[in-house]
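Contents: one structure, followed by commentary.
Letters A, B, ... are given to chains in the order of the sequence lines, protein chains preceding strands, and every chain is numbered from 1. For the numbers below, each heavy atom of this structure counts, side chains included, while hydrogens, waters and symmetry mates do not. Since we're looking at a predicted model, the values are computed, not measured.
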2 protein chains.
Amino acid sequence: MENYRQSSQRQLLLKLISEVNGHIDAKELYRRANAQGNSVSTATVYRSLNLFKELGIVDERSLGQRHYCYEVSGKLDHCHVVCQGCGKIVEFETPLVNQLVEAAQREHGFNITKTELYLKGYCPWCERERELSLRH
Amino acid sequence: MENYRQSSQRQLLLKLISEVNGHIDAKELYRRANAQGNSVSTATVYRSLNLFKELGIVDERSLGQRHYCYEVSGKLDHCHVVCQGCGKIVEFETPLVNQLVEAAQREHGFNITKTELYLKGYCPWCERERELSLRH
DNA sequence: TTAAGTGCAAAGGCTTTGCAGCATA
DNA sequence: TATGCTGCAAAGCCTTTGCACTTAA
């Protein structure tokens with residue numbers, strides 16, 4: 001764990017992750033990594049993601065699901081708004097996130113280092129669909 | 001799915017879940033359900049949890065981990081403050097949660113039905129430990 | 001009586017790991 | 001050259017599912 005080497009696989013994976021505007025899961029990363037004639041095994045995908053996470057390059061998020069998603073770290077404080085109809089995920093930046101962190105630190109004495117904030121519901125489009133189907 | 005029956009297993013599981021002051025995962029629920037001479041299979045634990053979830057009796061939360069935790073639903077809006085040192089989880093009630101939900105609804109038009117809010121960091125005790133070890 | 005619920009065991013996702021060969025520094 | 005990295009395949013966790021049996025209503 002002291003000396004890292006620069007392999008073509010890791011370079012490719014890092015490039016793909018940073019090209020994503022948002023988050024990506026291991027499966028999709030694997031798919032993209034093997035799309036253009038390249039070849040990266042699932043083991044390498046997972047090992048790389050864990051390394052990037054330890055190095056602080058990416059953040060790991062569950063998005064409230066059973067598997068993880070990854071995104072480049074150091075983004076502004078934000079929360080994820082998830083549509084339970086179509087799966088769309090919106091990144092929502094608001095000063096309220098900072099207020100929440102500060103309140104938790106103040107009231108519970110925690111040193112907060114990371115947030116995972118998910119608001120789940122239905123986007124305008126799916127909400128209308130849902131109202132129509134509930135009415136029947 | 002129309003007619004529910006009242007089995008001893010479901011009664012026991014529901015009792016155990018409501019006795020928990022907070023959240024519990026399937027594994028721990030299974031352990032407790034089989035602790036006092038009772039016998040409930042893992043399949044029943046999972047099936048019951050999914051039923052309770054559908055009926056709106058419990059909320060399913062990932063707590064940012066790879067498996068789910070469950071807690072009785074209808075609690076006040078709160079977020080979970082998770083210590084990454086000792087694993088302690090504190091439930092933190094604050095009006096900021098409601099403000100966050102309202103802001104998301106206002107700014108993105110979503111109908112938010114559920115929140116999963118995790119603040120991760122270190123509790124006062126683990127934070128001190130950590131400072132000591134980093135200093136060495 | 002009959003349809004819902006259960007247990008068992010097998011299978012299904014996602015992730016990790018042991019090992020032998022490969023490649024970077 | 002030596003150690004880190006990779007691929008493969010097997011295994012590990014958590015969860016779901018098919019099927020035959022049991023039980024609540």
Side-chain angles (χ1 to χ4, degrees), chain A residues 1-17 20 23-55 57-71 82 87 89 116, chain B residues 1-17 20 23-55 57-71 82 87 89 116:
Chain A
M1 270 294 293
E2 308 91 42
N3 300 311
Y4 313 107
R5 289 182 186 172
Q6 203 161 5
S7 71
S8 59
Q9 291 89 335
R10 295 226 274 239
Q11 284 178 315
L12 173 61
L13 292 173
L14 214 40
K15 173 169 163 288
L16 290 172
I17 294 173
V20 173
H23 37 76
I24 187 170
D25 62 15
K27 193 174 171 185
E28 174 64 15
L29 185 57
Y30 172 83
R31 200 188 61 71
R32 295 194 191 179
N34 288 281
Q36 311 136 2
N38 302 297
S39 169
V40 181
S41 69
T42 59
T44 295
V45 169
Y46 283 107
R47 279 192 280 236
S48 299
L49 285 172
N50 283 329
L51 176 66
F52 299 159
K53 180 175 62 172
E54 279 168 26
L55 294 178
I57 298 172
V58 304
D59 281 340
E60 184 181 66
R61 305 183 172 283
S62 75
L63 291 177
Q65 295 170 309
R66 196 168 294 121
H67 65 281
Y68 289 133
C69 286
Y70 299 84
E71 64 181 37
V82 185
I89 300 179
E116 286 194 57
Chain B
M1 270 294 292
E2 309 91 44
N3 300 312
Y4 311 109
R5 291 181 184 174
Q6 204 161 5
S7 71
S8 58
Q9 290 91 336
R10 296 225 276 237
Q11 283 178 315
L12 173 62
L13 292 173
L14 214 40
K15 174 170 162 288
L16 290 172
I17 294 173
V20 173
H23 37 76
I24 187 170
D25 61 16
K27 192 176 171 184
E28 175 63 15
L29 184 58
Y30 173 83
R31 203 188 60 71
R32 296 193 191 180
N34 288 280
Q36 311 136 5
N38 302 298
S39 170
V40 181
S41 69
T42 58
T44 295
V45 168
Y46 282 107
R47 278 192 279 236
S48 299
L49 285 172
N50 282 330
L51 177 66
F52 298 159
K53 181 176 62 172
E54 278 169 29
L55 294 177
I57 297 173
V58 304
D59 281 341
E60 183 181 65
R61 304 183 173 283
S62 77
L63 291 176
Q65 296 171 308
R66 197 166 293 120
H67 64 282
Y68 288 133
C69 287
Y70 299 84
E71 63 182 37
V82 185
I89 300 178
E116 286 195 57

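An OP1 or OP2 oxygen of D:dT16 is reached within less than 4.0 angstrom by a side-chain nitrogen or oxygen of B:Asn50. Contact annotation: A:Ser41 side-chain N/O to D:dC8 OP1/OP2 distance is not under 4.0 Å. Between B:Arg66 and C:dT16 there is a side-chain polar atom (N or O) within less than 4.0 angstrom of OP1 or OP2. Between C:dA23 and A:Gln9, no contact under 4.0 Å exists linking OP1 or OP2 to a side-chain N or O.
For the side-chain contact (heavy atoms from CB on, under 4.5 Å) test, residues two or more places apart in sequence or in another chain that qualify with A:Ala26 are A:Val45, A:Tyr46, A:Leu49. Under the side-chain contact (heavy atoms from CB on, under 4.5 Å) criterion, B:Lys27 pairs with B:Asp25, sequence neighbours left out. Applying the salt bridge (Lys or Arg N to Asp or Glu O under 4.0 Å) rule to A:Arg31 yields the partners A:Glu28; only residues at least two apart in sequence or on another chain are considered. Taking A:Ser62 as the reference, A:Tyr68, A:Glu116, A:Tyr118, B:Ser62 meet the side-chain contact (heavy atoms from CB on, under 4.5 Å) condition, with sequence neighbours excluded. With sequence neighbours excluded, the residues forming a side-chain hydrogen bond (donor to acceptor under 3.5 Å, both in side chains) with B:Asn50 are B:Lys53, listed by chain and number. Taking the side-chain contact (heavy atoms from CB on, under 4.5 Å) definition, one finds that A:Ile57 meets it with A:Leu14, A:Phe52, A:Leu55, sequence neighbours left out. With sequence neighbours excluded, the residues forming a side-chain hydrogen bond (donor to acceptor under 3.5 Å, both in side chains) with B:Glu71 are B:Arg61, B:His78, B:His80, listed by chain and number.
Note: A:Leu51 CG to A:Thr44 OG1 = 11.5 Å, rounded to the nearest 0.5 Å. Separation of atoms NE2 (B:His67) and CZ (A:Arg66) is listed at 11.0 Å; rounding is to 0.5 Å. Here the NE2-CG distance, from B:His23 to B:Leu63, works out to 5.5 Å after rounding to the nearest 0.5 Å.
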Could you list, one pair per line, each protein nitrogen or oxygen that sits under 3.5 Å from a nitrogen or oxygen of nucleotides 22-25 of chain D, together with the distance?
{"from": "D:dA24", "atom 1": "N3", "to": "B:Arg5", "atom 2": "NH1", "distance (Å)": "3.1"}
{"from": "D:dA25", "atom 1": "OP1", "to": "B:Gln6", "atom 2": "N", "distance (Å)": "3.2"}

Atom pairs under 3.5 Å: protein N/O with N/O of nucleotides 18-22 of chain C:
{"from": "C:dG18", "atom 1": "O6", "to": "A:Arg47", "atom 2": "NH1", "distance (Å)": "3.4"}

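One atom, CZ of B:Phe52, and another, C1' of C:dG5, lie 12 Å apart when rounded to the nearest Å. The separation between A:Gln11 atom CD and D:dT6 atom P is 11 Å, rounded to whole Å. If you take CG of A:Leu13 and P of D:dG7, they are 9 Å apart, rounded to a whole angstrom. The separation between A:Tyr68 atom OH and C:dT16 atom C1' is 13 Å, rounded to whole Å. Rounded to a whole Å, the CD atom of B:Glu60 is 15 Å from the P atom of D:dC14.
Of all nucleotides listed (D:dT15, D:dG7, C:dG7), D:dT15 comes nearest to the side chain of B:Tyr46. Distance from the side chain of B:His67 is smallest for D:dC14 among the nucleotides D:dC14, C:dT15, C:dT6.
Bending across the helix from C:dT1-D:dA25 to C:dA25-D:dT1, expressed as the angle between its end axes from five pairs apiece, amounts to 30° (10° rounding).
A side-chain hydrogen bond (donor to acceptor under 3.5 Å, both in side chains) check over residues 7-16 of chain B, counting only residues at least two apart or in different chains, returns the pairs B:Lys15-B:Glu19.
Annotation for B:Asn34 and B:Ser39: closest pair OD1-CA, 3.2 Å, computed over non-hydrogen atoms. Smallest separation of non-hydrogen atoms from B:Ala33 and B:Asn38: O-CB, 3.1 Å.
Sorted by residue number, the list of members of residues 23-36 of chain B with any non-hydrogen atom under 4.0 Å from DNA chain C is empty.
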Carefully, step by step, assess A:Ile24 and A:Cys69 under the rule side chain to side chain contact (heavy atoms under 4.5 Å, CB included). CA-CA 5 Å; A:Ile24 187 170; A:Cys69 286; over 6 Å; no

